[in-house]
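Here's the structure we're looking at; comments come further down.
Position 1 is the first residue of the sequence; numbering continues from there. Values in this document were obtained by computation on a predicted structure and should not be read as measured data.
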Amino acid sequence: MKSALYKYRIFIGIFIVFSAITLTLFYNALKPQKTLPIYNPADVNPELVDSTIQYVSKYHTIADFSFTNQNGKTITQKDYEGKIYVADFFFTTCGTICPKMTSNLEEVQKAIINNPKVMLLSHTVFPEVDTVEALKAYAIKHGVVDSKWNLVTGDKKEIYAMARKSYLAVKLGKPSELYDMVHTENFVLVDAKRRVRGFYDGTTKEDIQKLIEDINFLSNEKQSE
């Protein structure tokens with residue numbers, strides 16, 4: 001018996017290696033591949049979407065924009081062209097969820113600091129209070145890296161339109177004030193083609209970790225997809 005096994009040892013070895021490779025290939029073929037959805041207004045809670053676009057079920061992209069950042073510079077979609085980015089809505093005097101959200105965005109900034117494909121974009125929902133000077137002080141306090149993260153202010157109606165017509169992420173505020181917004185904990189992941197690819201609770205570590213993983217996934221995604 002031993003001599004027979006010895007005689008066919010090369011064949012047995014090749015068979016074992018071949019079997020292992022075959023099983024690995026089958027496993028990889030059958031294993032579900034990671035994907036990220038592409039969100040359209042019809043896919044999202046209607047409370048977070050402007051009524052004029054709630055029916056839109058495909059081809060939704062982030063609209064052109066123009067705001068002013070913490071350094072007094074005009075920031076437009078051109079500054080984010082071809083970039084993956086995370087958008088959110090906040091205000092500097094918020095004492096509830098904003099500090100936690102900002103702290104978590106600092107962690108995201110650390111994770112993407114050496115990734116040239118990724119940036120951050122935070123919009124104030126109280127532009128009448130959050131002047132350029134206020135945003136700059138807030139940026140310094142939270143270690144914002146200007147080349148990676150813009151805190152922007154601008155016309156309240158335009159910010160409102162971006163929140164509900166582009167990012168699909170902010171609820172209406174008081175009915176007595178049309179352009180009041182209740183900022184939410186949502187972080188919105190936008191891909192290099194200006195499509196919404198994910199929503200994350202900006203107050204939880206679990207969602208922040210998932211956000212970072214999804215950013216890395218998009219960073220490695222084929223451009224043709």
Side-chain angles (χ1 to χ4, degrees), residues 28 31-40 43-45 48-49 60-62 65 67 69-71 75 77-92 94 96-125 135 138-152 159 162-163 166-171 183-225:
N28 289 332
K31 183 176 67 174
Q33 298 297 309
K34 179 180 175 68
T35 59
L36 289 181
I38 297 171
Y39 287 95
N40 291 286
D43 304 320
V44 179
N45 180 352
L48 302 173
V49 183
H60 177 76
T61 57
I62 305 302
F65 58 86
F67 298 115
N69 78 352
Q70 66 268 23
N71 297 309
I75 299 297
Q77 70 282 351
K78 290 292 185 181
D79 295 282
Y80 287 79
E81 188 171 8
K83 301 290 186 181
I84 298 161
Y85 70 96
V86 180
D88 78 312
F89 294 83
F90 80 113
F91 59 102
T92 61
C94 168
T96 53
I97 63 174
C98 289
K100 186 66 173 177
M101 291 172 64
T102 302
S103 176
N104 283 334
L105 266 187
E106 290 177 50
E107 293 303 311
V108 177
Q109 180 180 244
K110 290 178 184 176
I112 67 164
I113 198 67
N114 294 317
N115 187 340
K117 297 181 179 180
V118 188
M119 295 178 68
L120 307 176
L121 180 61
S122 295
H123 311 71
T124 176
V125 297
L135 291 179
Y138 194 81
I140 292 172
K141 178 181 178 181
H142 293 283
V144 169
V145 177
D146 291 339
S147 62
K148 300 297 288 185
W149 187 355
N150 288 293
L151 312 179
V152 296
I159 295 171
M162 291 301 300
S166 280
Y167 295 108
L168 320 174
V170 177
K171 292 183 179 181
H183 70 291
T184 70
E185 67 279 3
N186 284 329
F187 287 170
V188 183
L189 179 60
V190 180
D191 70 14
K193 295 182 179 179
R194 298 165 70 170
R195 303 174 300 187
V196 176
R197 302 299 295 272
F199 300 93
Y200 308 82
D201 185 335
T203 66
T204 71
K205 291 294 184 183
E206 292 79 10
D207 265 28
I208 297 306
Q209 183 57 45
K210 184 177 187 302
L211 170 58
I212 292 171
E213 291 173 359
D214 289 349
I215 288 171
N216 291 334
F217 172 77
L218 285 184
S219 293
N220 295 316
E221 191 177 41
K222 294 179 181 178
Q223 292 299 308
S224 59
E225 292 181 357

Checking E185 side chain against G202 main chain: does a donor-acceptor pair fall under 3.5 Å? no
Can you sort out the partners of S166 under side-chain contact (heavy atoms from CB on, under 4.5 Å), two or more places apart, ordered by chain and number? I62, A63, M162
Please output the side-chain donor-acceptor pairs of residues 80-89 that fall under 3.5 Å, not counting sequence neighbours, one pair per line with the distance.
| unit_1 | atom_1 | unit_2 | atom_2 | d |
| --- | --- | --- | --- | --- |
| Y80 | OH | L120 | O | 2.7 |
| Y80 | OH | N150 | ND2 | 2.9 |
| K83 | NZ | P116 | O | 2.6 |
| Y85 | OH | Y167 | OH | 2.8 |
| D88 | OD1 | S122 | OG | 2.5 |

Out of D146, L135, T92, which residue meets the side-chain contact (heavy atoms from CB on, under 4.5 Å) rule with L151? L135
Donor-acceptor pair, side chain of K100 and main chain of T203, under 3.5 angstrom: no
Apply the side-chain contact (heavy atoms from CB on, under 4.5 Å) test between V118 and each candidate in I112, V108, L218; give the one that qualifies. I112
According to salt bridge (Lys or Arg N to Asp or Glu O under 4.0 Å), who are the partners of R197, at least two apart in sequence or on a separate chain? D191, E221
For D201, which residues count as a salt bridge (Lys or Arg N to Asp or Glu O under 4.0 Å) partner, sequence neighbours excluded? none
Would you say the side chain of D43 lies within less than 4.5 Å of the side chain of P37, judging by non-hydrogen atoms? no
Set of salt bridge (Lys or Arg N to Asp or Glu O under 4.0 Å) partners for K210, sequence neighbours left out: D214
Under the salt bridge (Lys or Arg N to Asp or Glu O under 4.0 Å) rule, collect the residues that match up with K110, sequence neighbours excluded. E107
Nearest 0.5 Å, what's the CZ-NE2 distance between R194 and H60? 10.5 Å
Is it true that a side-chain atom of Q109 and a backbone atom of K148 form a donor plus acceptor pair closer than 3.5 Å? no
